[in-house]
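Per chain, numbering begins at 1; letters A, B, ... match sequence-line order. If you're wondering where the values come from, they're calculated on a predicted model, not measured in any experiment.
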Protein chains: 2
Amino acid sequence: MDRRVKKKDNDDTSGKERPTLKTLAFMTGLGVTTVSRALKDAPEIGAETRRRVQLVAKQIGYRPNRAGVRLRTGKTNVISLVLNTEHELMSFVSDIIYGVTEVIADTPYHLIVTPYSRSQDPLDPVRYLVETGSADGVIISRTQPNDPRARYMLEHGVPFATHGRTDMGLVHPYHDFDNYAFAGEAVRALAGKGRNRLALVTPPAGLTYYRYTVNGFADALSEAGASEVPFNTVSIDHTIKQIRMRTAQLMRRDDRPDGIISSAAAATLAVVAGIEDAGLKLGRDVDVVSKQSSEVLHLFRRELLVVNEDFRLAGSELARAVLGWIAGKEPGSLQSLSKPSEVLPYRG
Amino acid sequence: MDRRVKKKDNDDTSGKERPTLKTLAFMTGLGVTTVSRALKDAPEIGAETRRRVQLVAKQIGYRPNRAGVRLRTGKTNVISLVLNTEHELMSFVSDIIYGVTEVIADTPYHLIVTPYSRSQDPLDPVRYLVETGSADGVIISRTQPNDPRARYMLEHGVPFATHGRTDMGLVHPYHDFDNYAFAGEAVRALAGKGRNRLALVTPPAGLTYYRYTVNGFADALSEAGASEVPFNTVSIDHTIKQIRMRTAQLMRRDDRPDGIISSAAAATLAVVAGIEDAGLKLGRDVDVVSKQSSEVLHLFRRELLVVNEDFRLAGSELARAVLGWIAGKEPGSLQSLSKPSEVLPYRG
DNA sequence: TTGGCAACCTGTAACGTTTCAGTATACTGG
DNA sequence: CCAGTATACTGAAACGTTACAGGTTGCCAA
């Protein structure tokens, strides 16, 4: 298993080995310390020397060895995205990753994906990251009002950002979509079409944005003089099959809703299928407003009303937030809330 | 000169610091070297000692410091997934990541996502990974018949696996979906429904699976006595809007196809929209067979015929392949081809 | 007795980086 | 002219790990 080749001093410029500070030191005739400091613009290095070192470094394509830095300083230059492998939306995973990578592209940071599954405590992966010091910053989703992960990371001084807000009286960076506003807009749009018996396909009950959605729904309902048709048997975490079946059941009842609001595009496909299973027609018997993160629902059924949520933006904002915290900014200043688009009907 | 530098001993068991080999050495009364070897079952360590060390290590939750290992040995314990941030399918990203993480969950490996965008040479991220030694293994997608990335990694002795095959006479691990078979099955299914003027929505032209798809299509066409209606103006890399528009154009022509085969679900949504824009009806005027990676198309239109491709499986296979190569297995033994499901009509 | 050998264990060096504690030189003010 | 100090640089140590080159026993054959 010993595949290490004997290594001589790399004090030569012969150029096959990856350059290190030692290489640079030799080439410039300076000490390793000076080179190290020159590269990070330390004040006690002469301007001339600094320029010379940086020039040579650029010329030979010097890149600091991550393991060396990490071992010495503990800095990993890693951001970890913690994902639930059962319940995250497909579009969420893809877009948020791209959003994050967009932001960290010009930094020395790498993105690692830390998964956890149904069986596990969501705290597990976070605990692992913190205990092993595997990341300088963490991004979590599926945020809860009282989130043990956020509390844990605050206690341990690990910078993080949450997708969704918490409600623990603790300050930390977050990015959130304004689901209160979304639900409200959705209700008003349906009311505007004369719909007044509305059902809501909610987010999973434990998460913070469940509350915002439900509250936005309730407040707008009473304001609009509409009423709720309870539909608590499903959430967007349920399978397509379940949502479809239960929607069909719901729509066969006498007191069925004439408007439905759905918190996710995938659920909406199932809802519409359920509606049609019950022999009803979208746009005539019932209207549906749905969130979506890519322009897919209007291809599906033109009658749908949609509101867009941009997960790529969320990824970028979250990355910016963690990096900001790592850089020493106030956590309280790294919070953002993204307003929903209008409720959009199909157009050409 | 008796001013000695105070050295921070972590030789105590007081327990707040993360345990290192030194901690274990102190606790067991052994040398650091012995502990290191005992933990990796080296032969020259007494059975008794070995068990004792491993017990203590487990008790206090010792985990090797990755930076230490990496600095000393060059082993990163990292697998990198290289992704194009413009053109990967949403479902692909999500599922392949989950597939990979499933496999590496019980290993010391971490998954890092290395993105590249339109503007960049696809070789860039790979070159970066290799030059900086950032990963022990690499997974790439969007594989080309003559793929510079595969060639480069082979030359540099970096283990990797490709999603899709190459055609360079070089041996390396891959996982691929049998797109030749898919296209063939699709043609036969359409022919079975009496369709004999078929169009194909291809993968992007540069990629290997474009060829397999096109060949499978062509071979089955002549075999079935059907003919091709050329539709070279789009591929699944085009935008929804473009595909939709061009499909509509196609379908308004006199020599329009009566069957269409689509290589991706997202494209299929656009294709169907285009068909309907042209005033035609799916299942009556034209039949469409499409690949999909999640059960979404039958919710969209019942008339669609679908073939399933499992990206999560691909992720797992690719991870297994890279890990196998890293572990010293023959690259030629780490290749797998996944057969398409039957062509499935809607059922209940 | 001596030498050889196997079985087990150990100290030291090195990976590349940053930090600590200096050193050498030149300049300043008295 | 000297002390004091600012400027520009440097070597050594340390982070945690593994490889290398020994060391120390105890036992056995000669």
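- Judged as a salt bridge (Lys or Arg N to Asp or Glu O under 4.0 Å), and not counting sequence neighbours, B:Glu330 has no contacts.
- For the salt bridge (Lys or Arg N to Asp or Glu O under 4.0 Å) test, residues two or more places apart in sequence or in another chain that qualify with B:Asp41 are B:Arg50.
- Computed from coordinates, the A:Lys22 NZ to D:dT10 P distance equals 16 Å when rounded to whole Å.
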- [ ] Apply the test side-chain hydrogen bond (donor to acceptor under 3.5 Å, both in side chains) to residues A:Arg118 and A:Asn84: give CA-CA distance (whole Å), side-chain angles for both, the deciding distance (0.1 Å), then the verdict.
- [x] CA-CA 8 Å; A:Arg118 184 171 33 205; A:Asn84 183 309; over 6 Å; no
Would you give me the side-chain donor-acceptor pairs under 3.5 Å for residues 55-64 of chain B, sequence neighbours excluded?
none

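- In this structure, A:Leu21 atom CG and C:dT19 atom P are separated by 12 Å, rounded to whole Å.
- As rounded to whole Å, 12 Å separates atom C1' of C:dA14 from atom CG of A:Leu71.
- Judged by distance alone with a 3.5 Å cut-off, a donor-acceptor contact links the side chain of A:Thr33 to the base of C:dT19.
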- [ ] Show your reasoning for whether side-chain hydrogen bond (donor to acceptor under 3.5 Å, both in side chains) applies to B:Glu88 and B:Ser141.
- [x] CA-CA 9 Å; B:Glu88 308 285 5; B:Ser141 65; 2.7 Å; yes
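- Between B:Leu24 atom CG and C:dT10 atom P there is a gap of 13 Å when expressed in whole angstrom units.
- The salt bridge (Lys or Arg N to Asp or Glu O under 4.0 Å) test applied to A:Arg51 returns A:Glu48, not counting sequence neighbours.
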Report, one line per pair, each donor and acceptor closer than 3.5 Å where one atom sits in a side chain of residues 107-117 of chain A; sequence neighbours left out.
residue, atom, partner, partner atom, Å
A:Thr107, OG1, A:Ile104, O, 2.8
A:Thr107, OG1, A:Tyr109, N, 3.1
A:Tyr109, OH, A:Lys75, NZ, 2.6
A:His110, ND1, A:Arg66, NH1, 3.4
A:His110, NE2, B:Tyr128, OH, 2.8
A:Thr114, OG1, A:Ser80, OG, 2.7
A:Ser117, OG, A:Ser119, OG, 3.4

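- For residues 104-114 of chain A, no residue pair satisfies the salt bridge (charged side-chain N to carboxylate O under 4.0 Å, His left out) rule, not counting sequence neighbours.
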All N/O pairs under 3.5 Å across the protein-nucleotides 23-26 of chain D interface:
none

Could you list the protein-to-nucleotides 6-9 of chain C atom pairs, N/O on both sides, closer than 3.5 Å?
residue, atom, partner, partner atom, Å
C:dC9, OP1, B:Thr49, OG1, 2.7
C:dC9, OP2, B:Gly46, N, 2.9
C:dC9, OP2, B:Thr49, OG1, 3.3

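- Note on B:Lys40: a side-chain N or O is less than 4.0 Å away from OP1 or OP2 of D:dT18.
- Between A:Glu17 atom CD and C:dA14 atom P the separation is 16 Å, expressed in whole Å.
- Between B:Ser36 and the phosphate of D:dT18, there is a side-chain N or O to OP1/OP2 separation shorter than 4.0 Å.
- A:Lys329 meets the salt bridge (Lys or Arg N to Asp or Glu O under 4.0 Å) test with no other residue; sequence neighbours excluded.
- When the P atom of D:dT18 is taken as reference, atom CZ of B:Arg70 falls 15 Å away, rounded to whole Å.
- In this structure, the CG atom of A:Leu39 is 15 Å from the C1' atom of D:dC9, given to the nearest Å.
- Distance A:Arg18 CZ to C:dC15 P: 14 Å, rounded to the nearest Å.
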